[in-house]
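Have a look at the structure below before the remarks.
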Amino acid sequence: MDLTGKRVLITGASRGIGEALAHSFAHAGATVALVARTGDALASLAAELNGTAHPADLADPTQVAALLQRVEDEAGPVDVLVNNAGIESTGGFVDAAAGELRRVTEVNYLAPAELCRQAIPRMLRRGEGHIVNMSSLAGITALPGIVTYAASKAALSHFTAGLRADLRGLPIGTTLVELGPVPTDMLAAVENYGPASRSFQRMYRLRTLVDVPRDTVAEAVVTAVRKRRRHVRLPKRTAAFAMVARAPQRATEVLLTGVPHRAE
C-alpha cells in the first residue's frame, strides 16, 4: 500500500509506541488521526505532524461505539486502522481491584475488535484498507503476574487470525504485531511485582528476550503495511516461538483452501 496521502488512525497515540507510530506514518507520507485520553499531549503531537487529534477513552464502550464515525466526520475517511492502545495489569490475579479485568479487556481486546467492526465496511466501500492490531508475545506465553494482560492480548491475536480468514479474498490487509519488551511506562510496571520481574530477568539472562526500541517497532509496522505483511514479530529471536504457537492456525488455513469464507 502506498501510504502517501492515506489517513492512518492510531489509538493510544499520545506517548510510547503510539507516538513513535505517529511519527513513522507521518514521515511515510500519511496523514495521521490520533486517538488517546490525554487531550493536550495529543493536540500537541497532531499539530507537530499536521494531523488531527480525537480525544477518547477506549475503556468507555459508548465512546468507542461512535469513534470511527466521529473521526471520519472530523477528519475524513480512514484508510489504515492501527489498534495500538493498551493498558497493563501486573500483580496477583485475585488481588486486582474490582473492575480491572473488565477494564483491561475493554481496552486491549473489545475496543480494537469493535473498531475493526466499524472500519471494515467503510474500507470495503472504498475498495482498500489495512488493519494493524498491536499485540504481545505475552499472548502466547504464561508468566506470573500478568494473567489479565496476557489473556487480553491472546484474545486480540486470535481475533486477528479469525478476522484474516473472514477477509480472505477481499481488499483489506491485516497485520498482527507480537512484541516482546519495549522500554515504556507499561514495561516499567512489571518491575514493581516480584514474580513478574524475576521471570523477565531470567528471560533476559537466557537471552530469550531483549528490549526492542519503540522506533524499531514503528518502522517495522510501517513497512508491514506498505508490503501488506501479515505479521511483525519482535525481537526477531522470538519469531520461532510465535510461529510454533500459531502453527495450528496456519495448518487450518491450508486445510480450508478452496472453502468459501463468506455466506453466499
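For the numbers below, each heavy atom of this structure counts, side chains included, while hydrogens, waters and symmetry mates do not.
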* **Check against side-chain contact (heavy atoms from CB on, under 4.5 Å), V232 and T223** => CA-CA 10 Å; V232 171; T223 298; over 6 Å; no
* Asked: Stepwise, does the side-chain contact (heavy atoms from CB on, under 4.5 Å) test hold for T175 with V221?
  -> CA-CA 8 Å; T175 299; V221 171; 5.9 Å; no
* To do: May I ask you to test the L124-P171 pair for a side-chain heavy-atom distance under 4.5 Å?
  => yes
* Donor-acceptor pair, R229 side chain versus A220 backbone, under 3.5 Å? -> no
* For the residue pair R226 and H130, establish whether any side-chain heavy-atom pair is separated by less than 4.5 Å. => no
* To do: Keeping the roles fixed (side chain from T11, backbone from N84), state whether a donor-acceptor pair exists under 3.5 Å.
  => yes
* Side-chain heavy atoms of I131 within contact of I120, under 4.5 Å -> yes
* Determine yes or no for a side-chain-to-main-chain donor-acceptor pair under 3.5 angstrom, with R233 supplying the side chain and E178 the backbone. => no
* **Carboxylate-amine/guanidinium contact E106 R103, below 4.0 Å** => no
* Asked: Same cluster for L156 and L234 if Ile/Leu/Val/Met/Phe/Trp/Tyr side chains link at under 4.5 Å?
  -> no
* **R230 CZ: over 12 foreign heavy atoms closer than 6.0 Å** => yes
* **Heavy-atom closest pair, residues V80 and V78** => O-CG1, 3.4 Å
* To do: Answer yes if L209 and I146 sit in the same cluster of Ile, Leu, Val, Met, Phe, Trp and Tyr residues linked by side chain heavy atoms under 4.5 Å apart, and no otherwise.
  => yes
* Spatial distance of atom CD (E19) from atom CD1 (I10) [nearest 0.5 Å] -> 10.5 Å
* If two hydrophobic side chains count as joined below 4.5 Å and joins carry through other members, does V107 share a cluster with L9? -> no
* To do: Measure the spacing between CD1 of I172 and CG of L167 and express it to the nearest 0.5 Å.
  => 5.5 Å
* Asked: Can you tell me how far CZ of R168 sits from OG1 of T174, rounded to the nearest 0.5 angstrom?
  -> 11.0 Å
* Indicate the atoms forming the closest heavy-atom contact of A138 with A150, along with that distance. => O-CB, 3.3 Å
* Could you state the interatomic distance from CG (L176) to OG (S135), rounded to the nearest 0.5 Å? -> 5.5 Å
* **Heavy-atom closest contact (C116 atom, L163 atom, distance)** => SG-CD2, 4.1 Å
* Asked: Would the number of heavy atoms belonging to other residues, nucleotides or ligands and lying under 6.0 Å from NE2 of H158 be above 12?
  -> no
* Common cluster, F159/V177, ILVMFWY with side-chain heavy-atom separation under 4.5 Å -> no
* Using the side-chain contact (heavy atoms from CB on, under 4.5 Å) rule, take L81 and M123 through it: C-alpha gap first, then chi angles, then the decisive distance, then the call. => CA-CA 10 Å; L81 170 63; M123 292 176 176; 4.2 Å; yes
* **Interatomic distance, N133 atom CG to N83 atom CG [nearest 0.5 angstrom]** => 5.0 Å
* **Closest contact, heavy atoms only, F200 versus L143** => CE1-CD1, 3.7 Å
* **Non-hydrogen side-chain atoms of V222 and E219 separated by less than 4.5 Å** => no
* Provide the closest heavy-atom pair for A196 versus T90 in the form atom of the first, atom of the second, distance. => CB-CG2, 4.2 Å
* **S157 side-chain N/O to K153 backbone N/O, donor-acceptor pair under 3.5 Å** => yes
* To do: Report yes or no: do V182 and Y149 belong to one cluster of Ile/Leu/Val/Met/Phe/Trp/Tyr joined by side chain heavy-atom distances under 4.5 Å?
  => no
* Answer yes when R228 and E128 have at least one side-chain N-carboxylate O distance shorter than 4.0 Å, and no when they do not. => yes
Enumerate donor-acceptor pairs with a distance under 3.5 Å from any side-chain N or O in residues 20-44 to protein atoms, sequence neighbours excluded.
residue: S24; atom: OG; partner: A20; partner atom: O; Å: 3.3
residue: T38; atom: OG1; partner: S14; partner atom: OG; Å: 2.8

* Asked: Of the non-hydrogen atoms in S152 and N108, which two are nearest, and what is the gap between them?
  -> OG-ND2, 3.1 Å
* Evaluate the criterion side-chain contact (heavy atoms from CB on, under 4.5 Å) for residue pair M134 and I17; output intermediate values, then yes/no. => CA-CA 10 Å; M134 304 290 291; I17 296 173; 3.9 Å; yes
* Any donor-acceptor N/O pair, Q63 side chain to A56 backbone, under 3.5 Å -> no
* Structure fact -> From the list V71, L110, L68, side chain to side chain contact (heavy atoms under 4.5 Å, CB included) with L115 holds only for L68
* Hey, is the main chain of V64 close enough, under 3.5 Å, to the side chain of Q118 for a donor-acceptor pair? -> yes
* Asked: Which distance, rounded to the nearest 0.5 Å, do you find between the CG of L67 and the CG of D60?
  -> 11.0 Å
* **Ion pair E72/R126, N-O distance below 4.0 Å** => yes
* **Heavy atoms from other residues, nucleotides or ligands near OH of Y204 exceed 12 (cutoff 6.0 Å)** => yes
